[in-house]
Protein chains: 2
Amino acid sequence: MDLHAAEKPHLNGKECGTSGWDAGNCPVRDVIDRIAGKWSTLLLEALARQPYRFGELRRLVPDISQRMLTQTLRDLQRDGYIDRQVFPTKPPSVEYRMTALGHSLFEPLSKVLQWAGDKHPAVKAARQKFDEGELS
Amino acid sequence: MDLHAAEKPHLNGKECGTSGWDAGNCPVRDVIDRIAGKWSTLLLEALARQPYRFGELRRLVPDISQRMLTQTLRDLQRDGYIDRQVFPTKPPSVEYRMTALGHSLFEPLSKVLQWAGDKHPAVKAARQKFDEGELS
DNA sequence: TAGCGCTAGTCTCTTTTTGAGACCAATATT
DNA sequence: AATATTGGTCTCAAAAAGAGACTAGCGCTA
């Protein structure tokens, strides 16, 4: 129940504001909120490369709990980014595979990941500067 | 498989795994975890357009609490994406403005946001299909 | 044949994060 | 004189996430 009791999206009674830009942006938020999780991009990056099974993903991302792995994979599946295929082998195995929609998302997303890798030194420097100035 | 290792935020001193895991080689996660929050992209999108003051942002994103607005702005500032400038007016006002680093991040990021807007129908359809199949 | 591990998860408990709302001091408005 | 606005902080409750035990059927092996 815990997992399935997944929250219905944002309160819908209220529009996204009345002034200009936000009105058309609720769909964006609806989509972004799901891929903005702590683990989503990590799993998407893995599955963009190749399909993986549950246990493989768990080993690939050692600090994710089984609970969050299950939940995140299900969320990604629900939004259509990945497919879940069960093989009725002796111990049943499950394979997760990125869909076409997932790949089309990952194309722009990978640019952000690349930016993060490239600019990491600048970010680290900014952090250090900020923390020093705060110490006063 | 050099996925980003588990270097956690500054509050968490836990080292990355013990076996074959390069702690220094997970810069992507270090950066992404910060902009992957629920409110970060929303604020970045606003500030990419123009500078805003605290209260303006609060009105622009009506469902953010003051507490999270303060905290998210400070995180974004710490990572060097935005600047905070205090004007000693009668009631002191504070302006937040995107930095060059922030703009350079927003360039690839905006592509993802655009994708989200474009593909929202597909995602919604996937969700509906998933939820129907689960109902059985 | 009793024990172990593997599969993909779920269940419960605890800790962390987030949300809601009161409070702040100085000034401006009504 | 009472009230609202400025940009926050503080406390407390609710939600989300982390940790770890538990499940079932099968294969291996000691």
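Model, not experiment: these values are computed from the prediction. Per chain, numbering begins at 1; letters A, B, ... match sequence-line order.
In this entry the distance linking CD of A:Glu56 with C1' of C:dC6 reads 13 Å, nearest Å. If you take CG of A:Leu57 and P of C:dA8, they are 9 Å apart, rounded to a whole angstrom. The distance between atom CD of B:Gln77 and atom P of D:dG7, rounded to the nearest whole Å, is 15 Å. For B:Phe54 and D:dG7, the CZ to C1' distance is 6 Å, given to the nearest whole Å. Rounded to an integer number of Å, the gap from CD of A:Glu95 to P of C:dA8 is 11 Å. Rounded to whole Å, atom P of C:dA8 lies 14 Å from atom CD1 of A:Ile64. Whole-Å rounding puts the A:Asp75 CG to D:dA17 C1' distance at 13 Å. One interatomic measurement links the two molecules: CG of B:Leu69 to P of C:dA20, which rounds to 14 Å at whole-angstrom precision.
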- Message: As a quick check of understanding, evaluate salt bridge (charged side-chain N to carboxylate O under 4.0 Å, His left out) for B:Lys119 and A:Asp79, giving each step before the final call.
- Response: CA-CA 11 Å; B:Lys119 302 289 189 179; A:Asp79 279 17; over 6 Å; no
- Residues A:Glu56, A:Arg58; criterion salt bridge (charged side-chain N to carboxylate O under 4.0 Å, His left out); working and verdict: CA-CA 5 Å; A:Glu56 291 177 316; A:Arg58 187 159 57 93; over 6 Å; no
- Task: Quick one: do B:Asp63 and A:Arg29 satisfy salt bridge (charged side-chain N to carboxylate O under 4.0 Å, His left out)? Show the steps, please.
- Result: CA-CA 12 Å; B:Asp63 58 338; A:Arg29 240 181 113 174; 2.9 Å; yes
- Worked verdict on A:Val28 versus B:His120 for side chain to side chain contact (heavy atoms under 4.5 Å, CB included): CA-CA 7 Å; A:Val28 176; B:His120 182 240; over 6 Å; no
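An OP1 or OP2 oxygen of C:dT18 is reached within less than 4.0 angstrom by a side-chain nitrogen or oxygen of B:Gln71. Between A:Arg74 and C:dT10, a side-chain N or O to OP1/OP2 separation shorter than 4.0 Å is present. Remark: B:Lys38 is in phosphate contact with C:dG19, judged by side-chain N or O atoms under 4.0 Å from OP1 or OP2. Note on B:Arg53: a side-chain N or O is less than 4.0 Å away from OP1 or OP2 of D:dG7. Taking side-chain N and O atoms only, A:Trp39 has no distance below 4.0 Å to OP1 or OP2 of D:dA16. The side chain of B:Arg67 contributes no N or O atom lying less than 4.0 Å from OP1 or OP2 of D:dC12.
A:Arg58 comes within contact range of no nucleotide atom at all, as no heavy-atom separation falls under 4.0 Å. B:Tyr96 comes within 4.0 angstrom of the backbone, heavy atoms only, and of no base.
Across every non-hydrogen atom of B:Ser40 and B:Arg34, the tightest pair is OG-O, 3.3 Å.
Relative to the side chain of B:Gln66, the nucleotides D:dT9, C:dG19, C:dA8 differ in distance, and D:dT9 lies closest. The side chain of B:Arg84 lies closest to D:dG7, out of C:dT10, D:dG7, D:dA17.
With DNA chain D read from its 5' end, the first of the two nearest nucleotides for A:Pro92 and A:Ser65 is the one closest to A:Ser65.
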